[in-house]
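Below is the structure I would like to discuss, written out as structure tokens.
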Amino acid sequence: MLKALWRGWLIIAKKIGYVQSQLILALVYFVVVTPFALAVRILKDPLNLRGVASWHWFSQDNQPTPTLDWFKRQF
């Protein structure tokens, strides 16, 4: 009889554990991740991507004229 009760408890405990894990993950997502993402998006642009129209790290207006000397001293 105790073995049957134990198996029944394991089935119920597994369902409770599944629901509990889903609630904890949802809580962490909405309490930790979402406010952090909103704060980063609102307060600053960490990758400095706003307003950049191309992938170049320098603007096209300030681009140096490529010469042989310019290619030799890249860094």
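Quick caveat: nothing in here was measured; it's all calculated off a predicted structure. Numbers for residues simply follow the sequence, beginning at 1.
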(message) Rounded at 0.5 Å granularity, tell me how far CH2 in Trp9 sits from CD1 in Ile16.
(response) 5.0 Å
(request) Name all pairs fulfilling the salt bridge (Lys or Arg N to Asp or Glu O under 4.0 Å) condition that reach into residues 66-75, sequence neighbours left out, sorted by first residue then second. (result) Asp69-Arg73
(message) According to side chain to side chain donor-acceptor pair (under 3.5 Å), who are the partners of Arg7, at least two apart in sequence or on a separate chain?
(response) none
(message) Is there a side chain to side chain contact (heavy atoms under 4.5 Å, CB included) between Lys15 and Val19? Walk through the geometry before answering.
(response) CA-CA 6 Å; Lys15 291 179 182 180; Val19 171; 5.8 Å; no
(message) Count I, L, V, M, F, W, Y as connected when their side-chain heavy atoms are under 4.5 Å apart, and connections chain through other members. Are Leu10 and Ile12 then in the same cluster?
(response) yes
